[in-house]
Amino acid sequence: MKKGEIYEGIIEKIDFPNKGYVNVEDQKVLVKNGIPGQKVRFVIQKKRSGRAQGRILEVLEKSPLETREPLCGSFPQCGGCMYQTMSYESQLEMKERQIRELLEPVLLQGGQRDEEGKADYIWEGIKGSPEEFGYRNKMEFSFGDEYKDGPLSLGLHKKGSTYDVLNTDDCRLVHKDMTDILVCVRDYFREKKVPYYKKMQHTGYLRHLLLRRGVTTGEILVHIVTTSQEEHDLEPLKERLLSLKLEGEITGVMHMINDSLSDVVKSDETKILYGRDWFYEKLLGLRFRISTFSFFQPNSLAAEVLYSIVREYIGETRGRVVFDLYSGTGTIAQLLAPVAKEVVGVEIVEEAVAAARENAALNGLANCRFVAGDVLKTLDELEEKPDVIVLDPPREGIHPKALPKILSYGVDRIVYVSCKATSLARDLETFLEAGYVMERACCVDQFCETVWVETVCVLRKKERKI
């Protein structure tokens, strides 16, 4: 088996997040972005140390799990979705299996096993999203072309491509308000023949369209992200947007200038063309003010499910000090504050911390304190000592140097919320070595049709034997 050779085979299983495996000539080949049971044609991309990795060229036969037709016209070319053709029940079953197969070997290796030799913990299943489609409250769309030198496109990238951009007019991950806005913006710039930003040449104007929409409020923020290489009057576009007949309401239109060489949505300067640069969302009876770059769970309704579980897993907090590390806009902190002595949130994104403080004041919570800074450094500066710790790190997990500081508090209970279970599995080894056991765990599917899923677990300090 050599690089560049083409083979056919059946994807036998998918490991988290999207690692499929095909056996060919007694060789196990890793192929990404498939569905278990599909017969695929693939090309070998890498072959090192007996390991082979391939890229799918074509799906020759559907999987038995593909029991429904796709709902959008860009499937399966679009990289936004993976599992649209699977029933939602099958998606949940597969994700649950993936997470258990990832975590349980770590528990067994750490000596956490029952009399039968199985991982000794309480698994509480996977909780589905209340809404399978139209659930995302935030989406970043890119300007580009579907093929080289083609007409202007605006949408999501083709699967496996960093250049080709599909016109995802009927994306089902977002509310129809968002796709109506997308079509309006794209058609406007097509009419004006405005060029998009070419990443290799670093030339052009249009970069991204960032949309945020409150699921419970219907309030919408529109961000047109461009370079400063040209000047265009965006006033007519603003008027066209405000004239759209939407279910929700546009509460802010922003022009963000981004001259960064990297392909990320950021702002060197933001001009408010209309309204305000924030919107409201409601969660479990609390009100949250969310701005452009504030972190907020992308599926508001599933976030209510997730945070209800977190609150249950934390248990009694009356009279106790809680540390909410990687606190974002302070959602978890504020849900715990009514019955805690004090909640201290630590978050590196200053804008999110400012929003957290505003939200706490908005909800009348005086016992929340939010600190802007890296968890690694900030823990050395805090005078308080926690009784309980909540961890909700980004996908890369907890910084290895921050883990010993977290463990040094020796709290009885830690709740870990993970959006990437491979990072949780890695960090879990350290917690087990430090004398913790994983008591309970479950999943919450916030990302229907995609490879991602949230995992929540309770880590309890083992009692010392006298």
Side-chain angles (χ1 to χ4, degrees), residues 3-4 6 31-33 40-45 54-59 70-82 84 139-174 178-211 222-238 240-241 244 253-269 273:
K3 184 179 177 181
I6 295 174
V31 292
K32 294 183 178 181
N33 301 324
V40 296
R41 187 166 158 267
F42 60 95
V43 60
I44 301 298
Q45 285 182 303
R55 175 172 59 84
I56 295 175
L57 299 173
E58 182 184 3
V59 176
L71 292 178
C72 83
S74 300
F75 186 88
Q77 291 84 10
C78 178
C81 279
M82 283 294 303
Q84 253 193 64
M139 189 68 99
E140 296 173 3
F141 296 107
S142 299
F143 288 97
D145 50 19
E146 289 198 47
Y147 53 90
K148 191 175 181 182
D149 300 323
L152 180 71
S153 60
L154 175 57
L156 299 174
H157 286 270
K158 280 186 180 178
K159 196 178 292 178
S161 173
T162 56
Y163 299 103
D164 300 330
V165 175
L166 297 166
N167 284 302
T168 47
D169 299 8
D170 59 348
C171 176
R172 296 306 176 97
L173 297 185
V174 297
M178 288 197 185
T179 51
D180 286 349
I181 292 170
L182 178 151
V183 171
C184 175
V185 171
R186 184 196 63 209
D187 289 352
Y188 176 83
F189 286 120
R190 273 188 180 177
E191 291 169 16
K192 302 294 183 182
K193 295 183 170 52
V194 179
Y196 72 90
Y197 178 74
K198 295 186 176 180
K199 288 178 280 190
M200 294 298 288
Q201 293 90 342
H202 306 302
T203 59
Y205 182 68
L206 300 169
R207 299 196 70 158
H208 296 95
L209 172 66
L210 167 60
L211 301 176
V222 179
H223 308 80
I224 315 295
V225 188
T226 76
T227 68
S228 63
Q229 295 182 23
E230 300 180 12
E231 287 192 15
H232 293 272
D233 182 11
L234 299 180
E235 198 67 19
L237 173 58
K238 179 198 80 175
R240 194 179 291 193
L241 286 167
L244 288 173
V253 180
M254 270 66 67
H255 176 205
M256 287 169 46
I257 297 170
N258 173 16
D259 285 321
S260 168
L261 296 181
S262 58
D263 187 30
V264 294
V265 176
K266 62 185 291 289
S267 173
D268 299 327
E269 180 185 359
L273 304 180

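Because the structure is predicted, anything quoted here is derived from the model rather than measured.
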* To do: Using a cut-off of 6.0 Å, state whether more than 12 heavy atoms not belonging to Q201 lie near its atom CD.
  =>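 More than 12 heavy atoms, drawn from other residues, nucleotides or ligands, come within 6.0 Å of this atom.
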
* **Worked check of side chain to side chain contact (heavy atoms under 4.5 Å, CB included) between M256 and I224** => CA-CA 6 Å; M256 287 169 46; I224 315 295; over 6 Å; no

* Of all the heavy-atom pairs spanning C171 and M139, show the shortest one and how long it is. =>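 Nearest pair, atom of C171 first, then M139: SG-CE, 4.1 Å.
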
* Asked: Looking at L209 and F143, what are the two nearest heavy atoms and their distance?
  ->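 Of all heavy-atom pairs spanning L209 and F143, the closest is N-CE1, 4.2 Å.
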
* **Salt-bridge criterion met for D187 and R240 (N-O under 4.0 Å)** =>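 The answer is no: the pair does not qualify as a salt bridge.
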
* Can we say K266 and D268 salt-bridge, meaning some charged N sits less than 4.0 Å from an Asp/Glu carboxylate O? ->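 Here K266 pairs with D268 in a salt bridge, since their nearest N and O are under 4.0 Å apart.
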
* Please find out if less than 6.0 Å separates the ring center of Y205 from that of H232. =>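 Yes.
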
Are any non-hydrogen side-chain atoms of [X] and [Y] less than 4.5 angstrom apart?
X: P236; Y: K192; answer: no
X: T203; Y: Q229; answer: yes
X: I181; Y: C184; answer: no
X: L166; Y: H157; answer: no
X: D263; Y: H208; answer: yes
X: D169; Y: L182; answer: yes
X: L152; Y: L206; answer: yes

Out of curiosity, [X] [atom1] to [Y] [atom2], how far, rounded to the nearest 0.5 Å?
X: S142; Y: Y196; atom1: OG; atom2: OH; result: 11.5 Å
X: K148; Y: Y163; atom1: NZ; atom2: OH; result: 11.5 Å
X: K32; Y: Q45; atom1: NZ; atom2: CD; result: 9.0 Å
X: R172; Y: T179; atom1: CZ; atom2: OG1; result: 8.5 Å
X: D149; Y: D145; atom1: CG; atom2: CG; result: 7.0 Å
X: Q77; Y: T168; atom1: CD; atom2: OG1; result: 12.0 Å

Using modelled atom types and a 3.5 Å cut-off, is there a donor and acceptor pairing between side-chain atoms of [X] and backbone atoms of [Y]?
X: R41; Y: I6; value: no
X: K159; Y: P76; value: yes
X: Q84; Y: L71; value: yes

[X] and [Y]: side-chain donor and acceptor closer than 3.5 Å?
X: D259; Y: S228; value: yes
X: H255; Y: T226; value: yes
X: D164; Y: Y147; value: no
X: H202; Y: Y197; value: yes

* I would like to know whether V183 and N167 meet side chain to side chain contact (heavy atoms under 4.5 Å, CB included); could you show each step before the answer? => CA-CA 9 Å; V183 171; N167 284 302; over 6 Å; no

* Going through the checks in order, is the side chain to side chain contact (heavy atoms under 4.5 Å, CB included) test met by V165 and L156? -> CA-CA 6 Å; V165 175; L156 299 174; over 6 Å; no

* **Worked verdict on L234 versus L273 for side chain to side chain contact (heavy atoms under 4.5 Å, CB included)** => CA-CA 8 Å; L234 299 180; L273 304 180; 3.9 Å; yes

